[in-house]
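Each chain gets a letter, A, B and so on, in the order the sequences are listed, and its residues count up from 1. Because the structure is predicted, anything quoted here is derived from the model rather than measured.
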2 protein chains.
Amino acid sequence: MTSRSPDPLGRRATILDVAAAAGVSRQTVTRAMNGMAGISPATRERVQKLAADLGYSPSRFAKGLVQGARISVGLAIPDLTNPYFPAFASSVVEAATQRHWNVVMDDYGHGTGSSLDAVARLAPQVDALIGYLGEDSDDAQALMGRRPVVVLDYPVSQAAGGISFDYRHAARLALNHLTARGCTNIVYLDSDQGGTAAGRGAAVAAMAAEAGVSPTICHAAPSASAAREAIAVLAAGSNLFDGLLVFNDLMAAGALKALQDSGRSVPGDCAVIGMDGIPLGELVTPELTTLSLNLRTVGRTAVDLLEGLLSGSVPAHSKDASLTLRHELILRQSA
Amino acid sequence: MTSRSPDPLGRRATILDVAAAAGVSRQTVTRAMNGMAGISPATRERVQKLAADLGYSPSRFAKGLVQGARISVGLAIPDLTNPYFPAFASSVVEAATQRHWNVVMDDYGHGTGSSLDAVARLAPQVDALIGYLGEDSDDAQALMGRRPVVVLDYPVSQAAGGISFDYRHAARLALNHLTARGCTNIVYLDSDQGGTAAGRGAAVAAMAAEAGVSPTICHAAPSASAAREAIAVLAAGSNLFDGLLVFNDLMAAGALKALQDSGRSVPGDCAVIGMDGIPLGELVTPELTTLSLNLRTVGRTAVDLLEGLLSGSVPAHSKDASLTLRHELILRQSA
DNA sequence: GGGCTAGACGTGAACGTTCACGGCGCTCGA
DNA sequence: TCGAGCGCCGTGAACGTTCACGTCTAGCCC
C-alpha cells in the first residue's frame, strides 16, 4: 500500500489517493462523495474531509465514460459583439440549462476565422451543435458525423435540422409600410458578407419588384460603425432617399447616427426600419421601428428541435426538421 | 467475431465497431483516424470511409481519460442580456480560443438562480472557472476544490485569484468632471442588487464626501427599462438635479431616455455619466460620456491570470493573484 | 540462403470512475 | 445455538481510447 505523493501539483488526486489516505476502498469513497447508502456517517464525513484536503475532484472523463454523462451542445456564432447573438445565445443557454445540458460557446468572428474553424474546435467536445454557420453547413455536418446539427438562417442541405426565416414576408411588411407612408426613394443597406446576407438581399429585391419599387442597394460590414460611415457617405451625396431599410438593428442604429450627423431628421426626412428586434432598438433616438423576431422563441425553438433530433423523435432531413419563423413589424418612432 | 448491430441509434459506434467492420484492429483504426504513420494508404482510406458510414466519432471521455484532454474553463455570468457581459465574454472566448481552451458558458440570470447554481452546474465539467459571482465566491471555490477560480469585481477571499476595479478612482474622475462642469445637484443611480453594487456605491459615497458634495442616491434594477422608470419618477418630482452618475452604461441609456421623455435636455439641463464603456454608449443620443473599461483587456487579463494559476507560476492567494484595473473617463456628448 | 530492415499490423495495459456483486461481523428471534 | 438478515465495506469488470510494445511478412544485400 504505497501511498502516492499527496499533491505534486501536476497530477490531480484520484479516487485511489483518497481511498489510500482514508484506509478504505474506492467504492467507499464513491459512496461518500455521491451521497449513496451503505456507509456509516462517521466514515462518510472522514472521507469527505480527506477528499477536500487532498483537493480531490472526480475526473469528468472517467465519470462520463462509465455513466454516459450529460449532453453538451456546441454553440457557434459569428460575433458576440453584435447584440443579436448574445440575445440569441441567452435563450439557447436558458433552454439548455433547463434540460441539464451544458453549452460550449465559440465565437468565430474575432480571428478572421470561418465558421468551420469553430466547428472543428467544437466537434470533438460536444454531442450536438447549434450555430449560425453561413454557407459552411455541409462541411460542418461532415465534421460532426452522425451527431445532430441545427443550422440557423441558412437553407438546410446536409445538416440534420435548420431554422430559417421568411424574409420575403419580412421584406413585404417593411416595403408596404414604407410605401404606405409615402416613401418613394428607398435604400436597402445590406451586409457585405455573403452567406446569410444573400437570403435577405434576394428577398428584398424580389418583394421590391413585386411592389413596383426599385430600391438603391448599398453594402457595409455588419457593424454599427461601418453602417454609420456608409450612410454618411450616401447622405453626403445627392441621393435624397426618404426610406431606409437596414440589414439588422445594429447597423440601423449606426445609420440613425449618420442621418442625425448629416442633419436629416428621422422619420421626417427619412423613415428607417431595422431588422431583428434587439433591445437596443428601444434605446436609440428616435426609437427604432423594426422587423422583430422573438429572440427567446428562436433559441428555444432551436433547442427544442435539437432535442427532437437527439431523441430520434424528429428524423434528420425530415419535414419536421426544418422550421421557418416569421418577423413581425414593430412600429416605433423611426418609421 | 460477432459484429455488433450497425446503428441502433441509441448506442454510438465505437472504435471496435469500425475495426470489426474493416477487419482490422483498434490500433489500425486509431492510426487511420488520427493521421498517424505505420498504415498503408489503402487501409487508411478504407477505414476512414467505413468510420464515416458507421457515423463513428471518438468518445471525448475515453480520449480525455487517456490523453488528458484540452482545458475547458467555465464562464459564469449573471446576464447575457446586459451588453456588458457579452462584451466581456467575447474577449474571454477569444483569449481562451488562442490557447486551445474551450469555454463552457452559464448564465445564471434568467432563472432567479444564484451564481452558486451556475457554479454547481459548471464545476463537474470544467478545469477552471472565471466568473462574475457576486458575494458567493467562497462557496464557489469550495465547489471547485483545488481548481483555480478567477473572480471578477469582488474582493477575493477564498478564491484563488481575482480582478477588481478601482471604483474610488472612477468615482473621483466622474465627480470631478461633474463639479468642474458646475453641477451642484448630483444624483447617483445605483443598482439595487447587492454584491458587486456595494463596491461602487461605497466608492461613490466616499469620493463624494471627499469632494464635498452630497449626491442623492437612488436605486433600480440593473436594466435599461428599470432605470428609465426610476429616472422618470425622479424627473417628475421637484428635484432639479443637474448631474447624473449611473451604475452602468445600460442603465445610463435608459436614464437618457427618461430625461428626454421628461423634456430635460442632456447635457444642457443635466449631465449624464455612465460606467463600463460598452459600444452601446456611442449609439444613443446624445452619445454617452462614460467611465470606460477596456473590455478586451479585462477578459484577456482574466484569462492570463487563470493561465498563471493553472500552470502554478502564479500561486493562488498570492499578491500577483489579485489585480486591480482602472476606469478611464471618455468624454462624449452627454457630459 | 541467411540475416537484417522496414513497413504493416496486432495485443496487453493503463487512464479513473461506477456497477454489480460478494463477504464479513453483528444482532435478533425461534 | 444457530441461521437469517442487515449494515458496512471490498473486489472484479466494464466504459472507449491511446501508449508502448510485440509480431509477421516481404524485400534486400552480401
Can you work out whether B:Thr43 or A:Ser59 has the more 5'-proximal nearest nucleotide on DNA chain C?
B:Thr43
Does B:Asp304 pair with B:Arg99 as a salt bridge, N-O distance under 4.0 Å?
yes
Does one side chain, of A:Arg12 or A:Ser59, offer a donor that lies under 3.5 Å from an acceptor on the other?
no
Between B:Arg31 and B:Ala62, which has a closest nucleotide on DNA chain D that is more 5'?
B:Ala62
The side chain of B:Val66 lies closest to which of these nucleotides: C:dC19, D:dC9, C:dC15?
C:dC15
Using OP1 and OP2 only, check whether a side-chain N or O of A:Thr30 sits under 4.0 Å from C:dT18.
yes
How long is the line joining OH of A:Tyr56 and P of C:dG16, in whole Å?
10 Å
Rounded distance in Å - CG (B:Leu54) to P (D:dG16):
15 Å
Is there, by distance only and without an angle test, a donor paired with an acceptor across the side chain of B:Arg26 and the base of D:dT17 below 3.5 Å?
no
Separation of C:dG16 atom P from A:Phe61 atom CZ, nearest Å, is 12 Å
Over how many whole Å does the gap from A:Met36 atom CE to D:dG7 atom P extend?
15 Å
For the residue pair B:Ser72 / A:Arg60, report whether a side-chain donor-acceptor contact shorter than 3.5 Å exists.
yes
Rounded to whole angstrom units, what separation is found between the CZ atom of A:Arg46 and the P atom of D:dC8?
14 Å
Counting only side-chain nitrogens and oxygens, does A:Thr28 get under 4.0 Å of the OP1 or OP2 atom of D:dC8?
no
Would you kindly check whether a donor in the side chain of B:Arg60 faces an acceptor in the base of D:dG16, or vice versa, at under 3.5 angstrom?
no
For B:Tyr154 together with B:Tyr132, are the ring centres under 6.0 Å from each other?
no
DNA chain C: B:Leu65 or B:Ile39, which has the more 5' nearest nucleotide?
B:Ile39
Is any side-chain N of the basic residue among A:Asp117 and A:Arg121 closer than 4.0 Å to the acidic one's carboxylate O?
no
So B:Gln27, base contact, sugar-phosphate only, or nothing? Heavy-atom distance under 4.0 Å.
base
Phosphate contact (D:dG16 OP1 or OP2) by B:Lys63 side-chain N/O below 4.0 Å:
no
